[in-house]
Structures are given as C-alpha cells and as structure tokens.
Amino acid sequence: MRKQFSARLTGFLLSLAICIWGLASIVEGLGTGGDLMLSLMRRYAPSVMTGLPEEEYPGMCGMITDYLAGSREEFQYQWSGKDGVRYVGFHDYEQQHMEDVRSLFVLDRTVLMISTALGAVCVGLLFFFRRRTPSLRGMRDGAVAVVLLLAGLLVWGLADFDSFFVAFHRLAFTNGLWLLNPSTDLLIRLMPEDFFMAYARIAAISYLPFPLLLMIVPQCIIRKERKQYAKQSVGL
C-alpha cells in the first residue's frame with residue numbers, strides 16, 4: 001500500500017512537473033520570439049497609434065526580445081525621424097519596469113530547469129516503485145488539478161479581463177511602474193491590452209495539450225487495462 005501511494009504521489013508530481021515545464025517553455029518562446037511579437041505589434045499597435053515609424057518595428061521588436069532573452073543589456077531604442085530629429089523611445093521608469101519584466105524571464109528559466117530536474121527524479125522513482133496503475137492515476141489526477149485551475153483562471157479572464165490583468169501585475173511586480181500612460185509612454189502604446197490578449201490566446205492554445213493529454217492518455221490506459229483484467233477474470 002505504501003508503494004502504491006508513493007507511486008501515485010510521484011505520478012502526480014510528474015504530471016505537475018511536465019505541465020510547469022510546458023508553461024515555462026511557452027512563456028520563454030513567446031517572450032523571445034521576435035517574428036511573433038512583430039506580427040502582433042503591427043496588428044494591434046500600428047504606427048499611426050504609436051508614433052513609431054513602420055520601418056522601425058523590426059528593430060524595436062528585435063531589441064525587446066533580445067533584452068528579454070538576456071543577450072542585450074540596455075532596454076532602449078533610438079531612431080531618426082524624417083525631420084532629422086533623433087528620438088529616444090523610453091523613459092527611465094519604462095526601462096525600470098522592463099528590468100522587472102526581464103527578472104521574471106530569469107525566474108521562468110529557473111523554473112524550467114527545476115521542473116526538468118523534478119520530472120527526471122519522478123521518472124526514476126516510478127521505475128523504482130514499478131506500480132503502473134497508481135502512477136497513471138497520479139498523473140491523471142495532477143493533470144485534472146491543472147485543468148481545474150486553468151478553467152477557473154479562464155472564467156475569471158473572460159468575465160473581467162481588466163481585473164485579471166491588474167491582479168496578475170500586482171502579483172508579478174512589487175511597484176507601480178507598470179501603470180503607464182498611453183499619451184506619454186511608448187511602451188504601453190506598443191503593447192496595448194489587445195496585444196496581451198492575443199498573446200494570452202496563443203499561450204492558452206499552445207499550452208492546453210499538455211494537461212489534456214496527461215489527463216486523457218493515462219485514463220485511457222487505465223480503462224484498457226481494466227477491461228483486459230475483466231476479460232481474464234471471466235476466462236478464469
């Protein structure tokens with residue numbers, strides 16, 4: 001009984017580790033994907049709204065994604081206007097806010113490594129316990145927990161995206177630097193609410209297969225084995 005419980009708990013933790021790994025990987029990929037950012041920025045933050053010349057968008061997106069990826073140290077972008085004036089994109093407080101954002105990506109990469117290590121340990125323990133059905137049940141239960149959590153967040157986001165957005169930022173940041181003014185701050189003009197909603201949709205579509213497969217596949221295997229066991233019992 002103790003090994004069965006341990007195997008089920010380990011399966012649960014393995015499922016969580018896989019789900020966390022998947023989420024961390026998607027966040028890293030979306031945040032440092034220059035082509036995707038460029039496409040969404042052009043769609044939801046066109047030049048007429050931001051004041052940034054259209055031809056500067058690729059350079060701007062490259063700067064942002066390189067900064068978040070850790071390959072660039074300074075968050076700043078400059079360009080020359082048609083009037084010959086040299087423009088500087090971001091205020092000091094916008095730069096400070098992006099420092100906070102980059103620290104979240106550093107945390108994300110740490111979570112990615114920890115979840116990878118946890119998953120590897122869980123796989124090793126499952127081979128040690130050799131309790132197939134309890135392990136599968138644990139994996140299913142872990143995925144169900146993740147799906148329920150996601151469902152709650154989805155309902156909240158659909159019902160009141162503004163409060164969800166504010167709550168996320170208050171949880172993620174310890175200051176109010178994310179409260180930017182579209183009339184004065186280029187950063188919020190480049191990344192309006194619709195821009196983030198598009199990112200959220202892409203992230204959700206990319207992420208859902210992780211918990212769904214971890215919930216459905218183990219349950220299908222359990223049912224198949226249960227039917228096979230029932231047939232063998234009848235044959236006896």
Side-chain angles (χ1 to χ4, degrees), residues 23 25-109 153-154 156-207:
L23 181 59
S25 298
I26 289 169
V27 169
E28 173 71 13
L30 293 180
T32 59
D35 291 339
L36 175 61
M37 181 177 290
L38 177 60
S39 174
L40 295 180
M41 199 172 284
R42 280 174 167 167
R43 179 181 302 178
Y44 297 105
S47 180
V48 67
M49 292 175 54
T50 63
L52 180 71
E54 173 65 26
E55 62 271 17
E56 299 295 338
Y57 273 57
M60 174 66 77
C61 290
M63 184 277 292
I64 295 173
T65 53
D66 286 348
Y67 181 79
L68 294 178
S71 59
R72 180 187 177 98
E73 289 302 318
E74 183 184 18
F75 185 84
Q76 187 57 273
Y77 190 80
Q78 300 182 26
W79 71 94
S80 296
K82 294 180 179 180
D83 53 5
V85 176
R86 190 70 175 169
Y87 292 92
V88 177
F90 304 104
H91 300 99
D92 290 343
Y93 52 84
E94 292 173 283
Q95 293 176 299
Q96 292 173 29
H97 173 59
M98 289 305 297
E99 286 181 12
D100 295 337
V101 173
R102 186 166 67 167
S103 69
L104 293 179
F105 275 83
V106 173
L107 175 62
D108 178 76
R109 294 177 197 114
L153 294 175
L154 178 62
W156 182 11
L158 292 176
D160 189 355
F161 182 80
D162 288 341
S163 68
F164 178 83
F165 186 79
V166 170
F168 167 78
H169 279 75
R170 287 180 175 172
L171 177 65
F173 304 110
T174 58
N175 54 53
L177 293 175
W178 58 275
L179 294 169
L180 301 174
N181 185 348
S183 64
T184 58
D185 304 325
L186 176 60
L187 185 60
I188 192 62
R189 295 200 301 274
L190 289 171
M191 301 178 180
E193 183 177 298
D194 289 343
F195 173 88
F196 284 109
M197 289 183 68
Y199 258 117
R201 287 193 295 268
I202 295 170
I205 293 171
S206 302
Y207 180 67

TODO: List the steps and the verdict of side chain to side chain contact (heavy atoms under 4.5 Å, CB included) for E56 and Y77.
DONE: CA-CA 9 Å; E56 299 295 338; Y77 190 80; 2.5 Å; yes
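Considering L179, N181, L180, T50 as possible partners of I188, the one that fulfils the side chain to side chain contact (heavy atoms under 4.5 Å, CB included) test is L180.
Minimum heavy-atom separation, A45 to P192: CB-CD, 4.0 Å. Shortest non-hydrogen contact noted between E94 and L187 is OE2-N, 2.9 Å.
In terms of the side-chain hydrogen bond (donor to acceptor under 3.5 Å, both in side chains) criterion, residue partners of S80 (sequence neighbours excluded) are, by chain and number, R86. Residues meeting the side-chain hydrogen bond (donor to acceptor under 3.5 Å, both in side chains) test with N175, sequence neighbours left out: D100. With sequence neighbours excluded, the residues that form a side chain to side chain contact (heavy atoms under 4.5 Å, CB included) with V88 are Q76, Q78. Take F168 and apply the ring-ring contact (aromatic ring centres under 6.0 Å, His included) test, not counting sequence neighbours, and it matches no residue. Scanning for salt bridge (Lys or Arg N to Asp or Glu O under 4.0 Å) contacts around E99 gives an empty result, with sequence neighbours left out. Not counting sequence neighbours, the partners of H91 by the ring-ring contact (aromatic ring centres under 6.0 Å, His included) test are Y93. With sequence neighbours excluded, the residues that form a side-chain hydrogen bond (donor to acceptor under 3.5 Å, both in side chains) with R42 are E54. In this structure, F105 has no ring-ring contact (aromatic ring centres under 6.0 Å, His included) partners at least two apart in sequence or on a different chain.
Under the ring-ring contact (aromatic ring centres under 6.0 Å, His included) criterion, the residue pairs touching residues 37-74 are Y67-F75, with sequence neighbours excluded. Listed by first and then second residue, the salt bridge (charged side-chain N to carboxylate O under 4.0 Å, His left out) pairs involving residues 59-77 are E73-R102 (not counting sequence neighbours). Applying the salt bridge (charged side-chain N to carboxylate O under 4.0 Å, His left out) definition to pairs two or more places apart or across chains, those involving residues 27-38 are E28-R109. For residues 167-196, the set of pairs meeting the salt bridge (charged side-chain N to carboxylate O under 4.0 Å, His left out) definition, not counting sequence neighbours, is empty.
For the atom pair D108 CG and S103 OG, the distance stands at 11.5 Å (nearest 0.5 Å). If you take CG on L186 and CG on L190, they are separated by 4.0 Å, rounding to the nearest 0.5 Å. Rounding to the nearest 0.5 Å gives a distance of 4.5 Å between CG of L40 and CD1 of I202. The line from CG of L38 to CE of M60 is 11.5 Å long, rounded to the nearest 0.5 Å. If you take CG on L104 and CZ on F173, they are separated by 5.0 Å, rounding to the nearest 0.5 Å. With rounding to the nearest 0.5 Å, the separation of CE in M41 from CG in L52 is 8.5 Å.
The aromatic rings of W79 and Y87 lie parallel to each other, with less than 30° between the two planes, well short of the 60° mark. The aromatic rings of H169 and F196 sit perpendicular to each other, their planes meeting at more than 60°, with 30° as the lower class boundary.
Side chains of Y207 and V27 form no contact here, defined as non-hydrogen atoms less than 4.5 Å apart.
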